[in-house]
Amino acid sequence: MQIPKITKNDFIMVLTGAGISAESGIKTFRDSDGLWENHRVEDVATPEGFIKDPKLVWKFYKERYIQALEVNPNIGHHALVDIENMYQDNFLLVTQNVDGLHTIAGSQRVIEMHGRLQTCFCTKCKSKYFLHDIDLEQEIPPCNSCGKPLRPDIVWFGEMPYQMDEIYEALDKTTVFIAIGTSGNVYPAAYFITQARQNGAITIGVNLAKPENSSYIDYFFQGKAGEVLPELVKNLFI
Ligand code: BV8
Ligand code: ZN
């Protein structure tokens with residue numbers, strides 16, 4: 001499939017979802033045997049769910065935090081580091097993932113718009129903590145400063161994703177938008193491709209299956225991120 005060569009004058013925004021971490025062994029959300037098969041979203045990924053059963057929510061995120069400690073970034077994550085090194089300040093990676101694998105792989109220009117498993121904060125005084133600094137044996141870890149319950153540093157449904165201003169600012173200058181490993185179900189992330197295209201960007205999709213918002217994808221590469229991305233880097237970028 002012939003796509004225009006991407007030059008140094010382009011600004012590249014990449015949006016990743018759970019699919020890029022699948023080859024590292026982390027479950028996605030909506031694939032079969034995905035996370036949402038064993039948990040109701042309302043129970044574990046909403047503020048109401050946390051208020052109703054904070055122990056259940058902490059158990060859900062602690063399990064994912066511990067699993068994320070045991071896995072490594074894969075070829076797909078490393079391919080994005082290569083693109084960032086080529087494009088430097090003309091590159092931004094926005095991830096919906098909370099596993100931290102992009103940062104471990106070496107990505108620096110990263111926005112974790114749905115938060116991260118590795119940190120938590122106090123429900124009252126907002127003090128922030130790393131999970132590796134707190135006693136995870138406690139079912140609901142308390143804040144060292146004020147004693148109130150800590151909560152995972154995760155953007156739940158109904159909450160404002162992080163750093164939206166920076167994301168919208170970058171979207172305005174994006175000339176190449178690449179969506180990788182995301183089903184396009186969750187907003188506002190699923191709308192970024194529409195906004196990029198409306199701003200005149202070319203849009204590229206890399207996904208195992210056709211995503212919900214595929215009508216906005218100019219060039220679609222069906223397959224595993226870890227297999228498609230290295231080829232893309234070789235052929236697309238000069
Ligand atoms: C907000 C917590 C206001 C973190 C998550 C009706 C219409 C529009 C919007 C709404 C609506 N009703 C409600 C809303 C808002 C709601 C929403 O979008 N709901 C959806 C379900 C309709 N959104 C919100 O509440 C957001 N906040 O709207 O605030 C606002 C509005 C505008 C501007 C500012 C503020 C908050 C959303 C964040 C919710 N938190 N999770 C956690 O526990 O991890 S979302 C959750 O889904 C994860 O964060 C995940 O990242 C995200 C998206 O999932 P994907 O990453 O796409 O994963 P999925 O499994 O779905 O797909 C994986 C894909 O990979 C598949 O396509 C598969 O084929 C592919 N794949 C698999 N293996 C591979 C692969 N691809 C390549 N290679 C492979 N190897
Ligand atoms: Zn506190």
Side-chain angles (χ1 to χ4, degrees), residues 1 3 12-47 49 60 64 74 76-77 79-80 83 92-99 101-102 110-116 154-164 166-168 170-172 174-229 231-232 236:
M1 175 191 318
I3 19 191
I12 299 155
M13 181 186 283
V14 175
L15 173 71
T16 58
I20 198 166
S21 294
E23 290 155 86
S24 294
I26 293 189
K27 279 185 175 180
T28 63
F29 290 87
R30 295 169 185 85
D31 288 325
S32 56
D33 94 341
L35 276 167
W36 293 154
E37 280 209 345
N38 314 323
H39 300 278
R40 277 167 26 93
V41 173
E42 300 75 11
D43 295 341
V44 293
T46 61
F60 177 62
R64 291 174 61 196
N74 63 60
H77 295 103
L80 295 183
I83 301 177
L92 177 66
L93 168 57
V94 179
T95 186
Q96 300 172 89
N97 299 341
V98 296
D99 55 37
L101 288 179
H102 285 301
V110 195
I111 290 180
E112 294 173 306
M113 68 177 289
H114 289 165
R116 63 199 62 79
I154 296 287
V155 176
W156 287 323
F157 286 97
E159 297 187 318
M160 177 77 87
Y162 293 154
Q163 298 175 260
M164 290 302 292
E166 290 98 311
I167 293 172
Y168 285 138
L171 266 175
D172 284 345
T174 293
T175 57
V176 179
F177 184 92
I178 310 175
I180 304 166
T182 180
S183 63
N185 273 298
V186 172
Y187 291 81
Y191 192 58
F192 295 162
I193 193 166
T194 315
Q195 288 164 293
R197 204 147 185 261
Q198 280 164 355
N199 294 345
I202 64 157
T203 57
I204 298 168
V206 178
N207 216 59
L208 205 53
K210 271 232 172 205
E212 290 292 310
N213 51 5
S214 60
S215 56
Y216 295 99
I217 297 177
D218 296 320
Y219 304 93
F220 182 62
F221 295 86
Q222 186 145 11
K224 290 185 174 180
E227 292 166 8
V228 171
L229 285 176
E231 287 307 303
L232 213 59
L236 203 58

With a 4.5 Å cut-off on side-chain heavy atoms, are [Y] and [X] touching?
{"X": "Glu166", "Y": "Leu92", "value": "no"}
{"X": "Leu229", "Y": "Val206", "value": "yes"}
{"X": "Ile111", "Y": "Tyr162", "value": "no"}
{"X": "Gln195", "Y": "Phe177", "value": "no"}
{"X": "Met13", "Y": "Val94", "value": "yes"}
{"X": "Leu208", "Y": "Asp31", "value": "no"}

Work out which heavy atom in Ala22 is nearest to a heavy atom in Thr28; give both atom names and the distance.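 Shortest heavy-atom contact: CB-CG2, 4.1 Å.
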May I ask you to check whether over 12 heavy atoms, not counting those of Lys27, lie within 6.0 Å of atom NZ?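 For Lys27, atom NZ is crowded (more than 12 foreign heavy atoms under 6.0 Å).
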For the backbone of [Y] and the side chain of [X], can you confirm whether one donor and one acceptor N or O come within less than 3.5 Å of each other?
{"X": "Ser24", "Y": "Ile26", "result": "no"}
{"X": "Asn199", "Y": "Thr174", "result": "no"}
{"X": "Asp43", "Y": "Gly49", "result": "no"}
{"X": "Glu23", "Y": "Asn74", "result": "no"}

By the side-chain hydrogen bond (donor to acceptor under 3.5 Å, both in side chains) test, which pairs, at least two apart or in different chains, include something from residues 202-216? Thr203-Asp218
Could you pull out every donor-acceptor pair under 3.5 Å between side chains of residues 185-192 and any protein atom, sequence neighbours left out?
unit_1	atom_1	unit_2	atom_2	d
Asn185	ND2	Ser183	OG	2.8

